[in-house]
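Chain naming here is simple, since letters A, B, ... match the order of the sequence lines and numbering starts at 1 in each.
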Number of protein chains: 2
Amino acid sequence: MIGAPQYLLTLYIAEREDGEETPISPGYVADALDRSPPAATERLQNLDAKGLVRYEPYEGATLTDEGRDAAEELYDTYRILSRFCRDVLGVDDHEDEAMQLVGNVSPTVAERLAATLLRGGDNRGEATEAAESASQPSPDSPAS
Amino acid sequence: MIGAPQYLLTLYIAEREDGEETPISPGYVADALDRSPPAATERLQNLDAKGLVRYEPYEGATLTDEGRDAAEELYDTYRILSRFCRDVLGVDDHEDEAMQLVGNVSPTVAERLAATLLRGGDNRGEATEAAESASQPSPDSPAS
DNA sequence: TTTTTGTTTTAGGTTTCCCTAAACCCTCGT
DNA sequence: ACGAGGGTTTAGGGAAACCTAAAACAAAAA
């Protein structure tokens with residue numbers, strides 16, 4: 001299931017690309033989150049009612065200050081998760097994975113995960129690579 | 001929100017302590033997952049209808065073979081998450097954290113997290129200062 | 001054996017999130 | 001200007017989870 005975090009995050013990410021002023025269409029959100037257009041519309045209207053989003057019919061959604069604050073925090077967590085999945089675990093679709101997780105990870109875990117990333121630098125262990133090649137062999141490595 | 005994975009996992013864990021034959025009461029499950037007794041009853045009945053659980057009114061629930069298979073896999077992931085949260089991140093309530101995450105983590109991530117755990121014996125964060133020497137003899141074999 | 005007590009179940013209702021179908025609105029091409 | 005076409009919204013449902021209150025039950029106490 002998909003919750004408010006995913007919608008806020010989608011808006012936030014789109015906003016980074018198109019600018020803060022550009023309203024994001026329901027169609028775009030629906031597409032990004034794999035939902036029907038009506039579902040996206042209603043959800044955005046709902047976030048509007050909660051004061052997290054400003055929704056203009058037939059225009060689209062923009063984040064309110066409050067919504068952007070919330071989204072920023074989610075985005076931090078999202079980035080941490082995504083980078084962890086990519087750099088440490090070597091997961092291909094790290095962004096999808098992070099999007100899935102972002103609502104369920106506590107602030108504490110996010111924070112310490114970030115610390116782990118900083119500490120660990122770029123060393124991906126060979127155990128991870130071994131696991132990776134077991135499921136999808138890379139052209140260069142000898143498949144045991 | 002709480003899904004089927006949490007219920008299966010709760011039953012599985014309880015089963016380890018009480019034995020496979022002992023039916024688990026709705027009250028126990030409700031308590032473990034912080035839900036009302038009616039919620040637990042209905043959910044267990046629902047899992048029964050799906051063939052994952054055998055539910056006897058006024059008796060309790062036991063896992064079917066199919067349900068136990070599913071729960072075992074969830075348990076592996078749960079253990080990995082829990083150990084990661086405890087050993088690498090130094091989180092206090094690692095079990096709650098793991099329970100929260102267990103339905104949302106893909107098999108790939110679980111598998112590679114396990115690999116990371118295996119190789120990561122010495123580099124633990126300073127957040128991990130809790131003495132983790134006292135361990136219960138775990139009768140499970142960590143196969144994946 | 002009857003009562004009491006605590007648990008389980010049913011009943012009834014709410015919320016959240018999603019869908020399809022149909023109406024609606026805006027814009028663009030003619 | 002006006003009529004398509006395409007995206008958006010409303011209408012109308014439905015499924016999943018959960019709750020409280022009240023009824024049903026089982027088992028132990030009296």
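Looking at residues two or more places apart in sequence or on another chain, you find a side chain to side chain contact (heavy atoms under 4.5 Å, CB included) between Q45(B) and T41(B), E42(B), Y55(B). Taking the side chain to side chain contact (heavy atoms under 4.5 Å, CB included) definition, one finds that A70(A) meets it with L8(A), sequence neighbours left out.
Residues in residues 43-72 of chain B take part in these salt bridge (Lys or Arg N to Asp or Glu O under 4.0 Å) pairs, two or more places apart or across chains: E15(B)-R68(B), E20(B)-R68(B), D65(B)-R68(B).
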Taking N or O atoms only and anything under 3.5 Å, show me the protein contacts with nucleotides 2-5 of chain D, one pair per line.
none

Polar pairs (N or O, both sides) under 3.5 Å between protein and nucleotides 6-9 of chain D?
unit_1 : atom_1 : unit_2 : atom_2 : d
dT8(D) : OP2    : G27(A) : N      : 3.2
dT9(D) : OP1    : Y55(A) : OH     : 2.9
dT9(D) : OP1    : Y58(A) : N      : 2.6
dT9(D) : OP2    : T41(A) : OG1    : 3.1
dT9(D) : OP2    : Y55(A) : OH     : 2.2

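Annotation: side chain of L89(A) is in contact with side chain of V109(B) (closest heavy-atom distance under 4.5 Å). Under the 4.5 Å side-chain criterion, counting only non-hydrogen atoms from C-beta, L117(A) is in contact with F84(A). Two residues are said to be in side-chain contact when any heavy atoms from C-beta on lie closer than 4.5 Å; I2(B) and R35(B) meet this criterion.
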Exercise for the section: Evaluate the criterion ring-ring contact (aromatic ring centres under 6.0 Å, His included) for residue pair Y28(A) and Y7(A); output intermediate values, then yes/no. Expected result: CA-CA 11 Å; Y28(A) 177 87; Y7(A) 283 88; over 10 Å; no

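From L101(B), atom CG reaches atom OG1 of T77(B) across 10.5 Å, with rounding to the nearest 0.5 Å.
Remark: P of dA16(D) and CG of N46(B) are 7 Å apart, rounded to the nearest angstrom. One interatomic measurement links the two molecules: CZ of R43(B) to C1' of dA16(D), which rounds to 7 Å at whole-angstrom precision. At whole-Å resolution of the value, CD in E42(A) and P in dG14(D) are 16 Å apart.
Using modelled atom types, one finds a donor on one side chain and an acceptor on the other under 3.5 Å when comparing S106(A) with E97(B).
At least one donor-acceptor pair closer than 3.5 Å links the side chain of T64(A) to the backbone N or O of L52(A).
Contact footprint of chain A on DNA chain C: nucleotides with an atom under 4.0 Å from a non-hydrogen protein atom, first to last in 5' to 3' order, dC17(C) to dC25(C).
Of all nucleotides listed (dT10(D), dT20(D), dC18(D)), dT20(D) comes nearest to the side chain of S36(B).
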